[in-house]
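Structure record follows, encoded as structure tokens.
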Amino acid sequence: MNYEQARAYAVNVSRSGSILGLDSIENLMHELGDIQEQLKIIHIAGTNGKGSTGAYLERVLIEAGYRVGRYSSPAVFDPMEVWRINLQSMSHEEYADIMGQVKCACDRMVEKGMEHPTIFEVETAMAFLYFYQKKCDYVLLEVGMGGRTDATNLIRKPVCSVITSVSMDHMQFLGNTLTEIAQAKAGIIKKDCPVVTILQKAEAMVAIEAEAEKQHARLYTADVSKVTVETETLKEIRFDHPGIGTVTTRLTGTYQVENCCLAVTVLKEILGIADRIIIDGIKNTVWPGRFEVIGEQPLFIIDGAHNEDAALRLSASVEKYFTNIPITYIIGVLADKEHKKVLEAMLPYAGAAFTVMPDNPRAMKAEELASEAEGIMERLWKERAGKPEKVQGTENSPQGAGVMEPLPKVSACSSMKEAVQLALEHTKKDGVILAFGSLSYLKEIRQIMQSD
């Protein structure tokens, strides 16, 4: 197969959808010699923070001299970034070669009367095969969804399991309560293998502790409350960690200290990496698409906050960094996400909102999102005004006196380029534009800004 044929095959396989469960991936990996059992894997699950935590681990391990494979999805800026070795994405030639080997294994399964694996199973098998053939010292393996029944969970003896922040997401598959979702994530905990987590909400923590006890797995908890933040700006966060001293991260957003502390616990307590290497590696870590500044005057930020918990964390960053500054939003979401809760968290800070429809079959139409946003904005405006009717120039402003701010503008855009142009026209040079929601459209936003 060449690259174009391999991509066409992937598109064709993806049409069959996804199925939770391990039978198919186990059969596929058996056809490939079960080589995943020979890899040293750090398995990462959680609702938010998997990417950032993985980025910290990846960079520090590389600086410690290891060859590090990383499997994470979805891709944000390049389809090949799902598979990386020492920060380098898989090449088109490597993709075609590995996909060809996995396709042959899939064909053998079908000949034996088994179902063809799903696209996520195919891509997971590609990760195992690629990292095995390239002789990686460590593999950072990110769960696709949930944990217990995720295709990545066929591994039996990870170096450790890592569970980032757990919150409500993918309820149609994982459960309707935080306990059920945490139990699904905790399914990656393996017998006698250590597990590291942050200090979770009570229900999630109980579920993780119960699974760790059941599996006789030693549980390490990264408690961010023991950390002292010294400085926090849009460019970096500096904090004092009780275990290794002063740490600086260039990944900003109030939630990054938590992700960083989780990575530090894995690196120090499980892998025994020297403090100086950890500190240097964290300082050199970058992870695009997470509170990333892509433009100045006005400040232009992109962030992949796509569920309620991520939106609440993002809103905390907005409130901290941009107090009393109305934000111009560009918003695109998937219809099967908790978009209303995301909007409820973010719109109190809005000066205007331009909605878009990401290039994704699950995307919500821009017009529908705009209508939903407008309804929430109007309610928030009335609450601030203190009156049921729209009245301007009253003494009911948020500050208690003076002129009431006008109802923020909401517009549905037919393209990403239109949204960027309108946002730039609407926003003053000292203002802020924030594009957030589905990761799937941030690449196009960034490309538009770079072309201008």
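Quick caveat: nothing in here was measured; it's all calculated off a predicted structure.
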Exercise. Quick one: do T252 and R290 satisfy side-chain hydrogen bond (donor to acceptor under 3.5 Å, both in side chains)? Show the steps, please.
Key: CA-CA 8 Å; T252 55; R290 278 72 175 181; over 6 Å; no

Using only atom types and a distance under 3.5 Å, with no angle test, would you say the side chain of [X] pairs donor to acceptor with the backbone of [Y]?
X	Y	value
T427	A423	yes
D150	V143	no
T355	A366	yes

Check whether the side chains of [X] and [Y] place a donor and an acceptor atom closer than 3.5 Å, and report yes or no.
X	Y	answer
Y71	E123	no
S91	E94	yes
T221	D223	no
S16	H116	no
E236	T233	no
S438	R362	no
T118	E121	yes
T249	Q256	no

Quiz item: What do the steps show when you test I282 against T248 for side chain to side chain contact (heavy atoms under 4.5 Å, CB included), and what is the final call?
Solution: CA-CA 7 Å; I282 287 173; T248 301; over 6 Å; no

Who are the side-chain hydrogen bond (donor to acceptor under 3.5 Å, both in side chains) partners of [X], not counting sequence neighbours?
X	result
Q101	D97, Q133
E31	R108, K112
Y132	none

Could you tabulate the donor-acceptor pairs under 3.5 Å formed by side-chain atoms of residues 406-413, not counting sequence neighbours?
none

For [X], give me all partners under side chain to side chain contact (heavy atoms under 4.5 Å, CB included), at least two apart in sequence or on another chain.
X	value
T164	I44, K50, T53, L262
I85	R67, Y130, F131, K134, C136
K428	D430
E319	Y349

Side chains of [X] and [Y]: closer than 4.5 Å at any heavy-atom pair?
X	Y	answer
V166	L178	yes
I163	V196	no
C106	L28	yes
L57	L267	yes
L22	N153	yes
V224	L199	no
L434	I330	no
T47	K185	yes

Locate the shortest heavy-atom distance separating [X] from [Y]; write the atom from each residue and the value.
X	Y	answer
M364	P358	O-CD, 4.4 Å
C160	V266	SG-CG1, 3.9 Å
Q183	A207	CG-CB, 3.8 Å
Y56	A263	CB-CB, 3.6 Å
S317	G253	OG-CA, 3.3 Å
N259	S52	ND2-CB, 3.7 Å

Practice problem: Tell me, with the steps shown, if F436 and Y329 meet ring pair (Phe, Tyr, Trp, His ring centres under 6.0 Å). | Solution: CA-CA 8 Å; F436 72 93; Y329 288 136; 5.2 Å; yes

Kindly compute the distance separating [atom1] ([X]) from [atom2] ([Y]), expressed to the nearest 0.5 Å.
X	Y	atom1	atom2	value
Q36	L154	CD	CG	4.5 Å
M99	M90	CE	CE	9.0 Å
L234	E292	CG	CD	12.5 Å
L380	E378	CG	CD	10.5 Å
M357	M416	CE	CE	9.0 Å

Pairs of donor and acceptor atoms involving the side chains of residues 1-8, under 3.5 Å and at least two apart or interchain, shall be tabulated with distances.
residue : atom : partner : partner atom : Å
N2      : OD1  : E4      : N            : 3.2
N2      : OD1  : Q5      : N            : 2.8
Q5      : OE1  : N2      : N            : 2.9
R7      : NH1  : Y95     : OH           : 3.3

Exercise. Go through the steps to decide whether K340 and E344 satisfy the test salt bridge (charged side-chain N to carboxylate O under 4.0 Å, His left out), and finish with yes or no.
Key: CA-CA 6 Å; K340 187 172 183 180; E344 291 276 3; 5.2 Å; no

Practice problem: Assess whether side chain to side chain contact (heavy atoms under 4.5 Å, CB included) is satisfied between I42 and L61, documenting all intermediate values. | Solution: CA-CA 12 Å; I42 297 170; L61 287 172; 4.2 Å; yes

Quiz item: Tell me, which pairs form a side chain to side chain donor-acceptor pair (under 3.5 Å) where one or both residues lie in residues 76-89, sequence neighbours left out?
Solution: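 As it turns out, the side chain to side chain donor-acceptor pair (under 3.5 Å) pairs with a partner in residues 76-89, which skip direct neighbours, are E58-R84.
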
Exercise. Please step through side chain to side chain contact (heavy atoms under 4.5 Å, CB included) for the pair E418 and S415, ending with a clear verdict.
Key: CA-CA 5 Å; E418 180 189 6; S415 69; 3.4 Å; yes

Quiz item: Hey, is CG on N12 packed in by over 12 heavy atoms from elsewhere, all under 6.0 Å?
Solution: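 Yes.
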
Just list the side-chain donor-acceptor pairs under 3.5 Å for residues 296-304, sequence neighbours left out, or say none.
residue : atom : partner : partner atom : Å
D303    : OD1  : A305    : N            : 3.0
D303    : OD2  : Y255    : OH           : 2.9
D303    : OD2  : F291    : N            : 2.7

Quiz item: If you look only at pairs with a residue in residues 13-28, which of them pass as a salt bridge (Lys or Arg N to Asp or Glu O under 4.0 Å), with sequence neighbours excluded?
Solution: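 Qualifying pairs, neighbours excluded: none.
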
Practice problem: Any chance you could lay out the side chain to side chain contact (heavy atoms under 4.5 Å, CB included) test for S165 and I198, step after step, and finish with the verdict? | Solution: CA-CA 7 Å; S165 172; I198 62 162; 3.9 Å; yes

